[in-house]
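Report on the following structure.
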Amino acid sequence: RPLFTKCTSSVLILTAADMVRQYYEHKNILKSHMEEIQSTKSPPLEAWFDSQRTMRMALWGATVHPLAVHYWFNNLERWLGPNPVGASKSVLLRMAFRKVVVDQ
């Protein structure tokens, strides 16, 4: 069940990455406005966590991203062929170059 595994790991990684990014964005905003907050005695900015944004990232990570990557790499294998066992260095370098160029 490789597709299920890819979907699960993708949603977990993208959700965690989005939460970390939101935390650091909020931290940078607070740092840039710290003098203003201290001089006016205003309360700090609203909570740093945006649940709707995180849910969008989780939805993207559960559906679109893993499917696109799964089928893209399957097509690359079909177009470029599997890695040959016992191939020479020059053949492996050529294959690596082709995969990097097509992948990018």
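The basis for the numbers below is simple: all heavy atoms, side chains too, and nothing from hydrogens, waters or symmetry mates. This chain uses plain numbering: 1 for the first residue, then up along the sequence.
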Let me see the working for His26 and Gln22 under side chain to side chain contact (heavy atoms under 4.5 Å, CB included), right down to the final yes or no. CA-CA 6 Å; His26 181 72; Gln22 285 185 50; over 6 Å; no

Quiz item: Step by step, would you call Met57 with Thr15 a side chain to side chain contact (heavy atoms under 4.5 Å, CB included)?
Solution: CA-CA 6 Å; Met57 284 300 288; Thr15 302; 5.6 Å; no

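Closest approach of Pro66 to Leu3, counting heavy atoms only: O-CD1, 4.4 Å. In terms of heavy-atom proximity, Ser10 sits nearest to Gly61 at OG-O, 2.9 Å. When all heavy atoms of Arg53 and Asp18 are compared, the pair lying nearest together is NE-OD1, 2.8 Å.
Taking CZ of Phe73 as the reference point, atom CZ of Arg78 lies at 14.5 Å (rounded to 0.5 Å). To the nearest 0.5 Å, atom CD of residue Glu25 and atom CG of residue Asp50 are 9.5 Å apart. Note: Arg56 CZ to Leu14 CG = 13.5 Å, rounded to the nearest 0.5 Å.
There is a path of hydrophobic side-chain contacts, each under 4.5 Å, that joins Tyr24 to Phe49. Connection of Tyr23 to Met19 is established within a shared hydrophobic cluster, with ILVMFWY side chains joined at heavy-atom distances below 4.5 Å, either directly or through further cluster members.
At least one test fails for Arg94 against the ring of Phe97: distance under 6.0 Å to the centre or angle within 45° of the axis.
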